[in-house]
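The structure under discussion appears below in the form of structure tokens.
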Amino acid sequence: MDLAVITRNFEFMLGGLALTIQLALITLAGGLLLGILLAMARLSPRSWLYYPASVYVHFFRGLPLILVIFWIYFLSPVITGRSLDEFLAAIISFIAFESAYFAEIIRAGIQSIPRGQAMAAHSSGLTSFQCMRFVILPQAMRNMIPALVTQAVVIFQDTSLGYVIGLREFLRRVNLVDAREARSVELYLFAGLVYFVFCSIGSLCSQRLENRQERDSL
Amino acid sequence: MIEIKNVSLWYGTDHRALEDISETISSGQTVLICGPSGSGKSSLLRCINGLEHFQQGEVIVDGVSVQAPDTDIHKLRSDVGMVFQHFELYPHMTAMENITLAPVQVRKKPENEARDKAIEILERVGIPEKAFKYPGELSGGQKQRVAIARALAMEPKIMLFDEPTSALDPEMIKEVLDVMIDLAKAGMTMVVVSHEMGFAREVAHEIIFMDKGRILEKGTSHEFFAHPKNERTRLFLSRILI
């Protein structure tokens with residue numbers, strides 16, 4: 001074991017971690033937003049909203065993420081005639097992919113709220129949007145939080161796939177250091193530790209929120 | 001005030017929930033609808049404020065046809081209060097927030113004005129001290145009174161009650177009925193789906209008996225209890241008035 005290899009390259013690898021976090025946060029924000037829209041469309045009685053959204057969700061949930069990344073990165077130049085920046089390609093792929101998962105979490109959350117709530121809101125003259133905004137979503141969000149946090153943790157892990165198109169995120173940088181230093185055991189154990197710590201924090205938050213919810217519902 | 005003309009409603013293609021229902025309710029009247037479960041009482045009530053979409057006929061509320069394409073259904077609903085069997089209070093809001101949500105969002109009332117009004121109405125239903133409690137902290141009777149207050153806060157022209165006491169413990173029924181009786185006596189137009197025959201005797205101008213999606217009998221409460229014409233009505237009454 002030569003742990004010095006880690007301290008020697010600490011800064012370089014940490015730079016990758018910043019990119020990883022950046023990727024995860026942008027994906028989280030974009031994925032949630034698109035996910036909410038998709039979920040609403042999936043719950044809509046209008047078939048021109050329901051069917052495209054359903055096809056989208058099933059399509060992306062049926063593919064491995066790595067394939068989506070390849071498609072976006074290698075096919076978009078064929079279509080648009082210009083090559084896509086790696087970071088942008090990764091972000092587009094992640095958001096396109098993760099929003100399908102978010103959409104299902106959000107749809108289930110919204111459907112967990114009894115129908116009477118929407119009826120009461122509508123009967124007082126609230127529009128469908130106001131009903132969603134003030135009555136349904138605040139309650140649904142509470143039910144969804146554990147699943148959303150879990151998905152956020154998954155996103156954090158998934159960003160490592162950015163390396164396939166040459167994105168120098170955390171894992172790719174560890175990989176580069178290893179190519180130079182030939183210290184696979186130490187370096188990949190370190191990488192595992194970093195992912196483990198971050199994901200544990202996420203799981204812990206999720207558990208806390210679940211416990212708090214149980215207390216609240218008493 | 002409310003005109004129901006030949007309304008029929010189907011669920012799916014074969015289950016007919018309402019069959020050619022006609023009824024006129026004038027301003028200030030209290031009408032009670034009773035009948036066995038599945039007879040279409042609640043469906044009929046929901047046709048009045050457009051929560052249920054019927055396939056045939058017409059419902060006119062205060063001169064406005066509920067299902068006409070150019071009707072502003074949100075405006076119409078804001079003038080028709082509704083109270084539900086299971087209260088349907090918003091559990092993430094206090095009683096006060098439950099009551100002020102629609103006045104502020106729909107009527108665009110200033111927040112402080114809506115709050116003053118809410119306190120006033122909570123006093124009217126007898127629980128001003130519960131204004132800042134969450135629904136989870138209230139008893140069934142208190143919840144239903146908050147729900148009535150929530151509907152009254154919109155200053156409705158009509159109040160619809162869908163089995164307002166069916167989910168309550170017996171000792172809490174009276175506190176809710178008392179509020180409803182006060183309302184009826186104050187001249188509110190009310191349509192009440194209920195089996196509370198005491199309430200019917202005291203304030204109902206008309207009682208409607210429904211079975212299998214049809215109105216089998218209607219009349220004043222005196223006629224209805226003393227001389228039920230229909231065999232099915234007699235059977236029903238003998239069962240609930242032990």
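Fair warning: this is a prediction, and the values are worked out from it, not measured in the lab. Quick note on labels: first sequence line is chain A, next is B, and so on, each numbered from 1.
Contact detail for B:P164 and B:V193: the closest heavy-atom pair is CD-O, 3.5 Å.
Remark: aromatic rings of B:F161 and B:F84 are distant, center separation not under 6.0 Å. Taking the six-membered ring for Trp, A:F97 and A:F60 have ring centres at least 6.0 Å apart. Checked against the 6.0 Å centroid threshold, A:F170 and A:Y195 count as a close aromatic pair.
Counting heavy-atom pairs under 4.5 Å between each of B:N49, B:V83, B:L51 and chain A puts B:L51 at the top. Most heavy-atom pairs under 4.5 Å with chain A: of the set B:Q105, B:R107, B:M154, this distinction falls to B:Q105. Note on B:H86, B:H92, B:M82: by heavy-atom pairs under 4.5 Å with chain A, the leading option is B:H92.
Neither the backbone nor the side chain of B:L160 comes within contact range of chain A; no heavy atom of the residue lies under 4.5 Å from a heavy atom of that chain. If you measure heavy-atom distances from A:Q117 to chain B, the contacts under 4.5 Å come from both the backbone and the side chain.
Within a 6.0 Å radius of OH in A:Y50, no more than 12 heavy atoms belonging to other residues, nucleotides or ligands are found.
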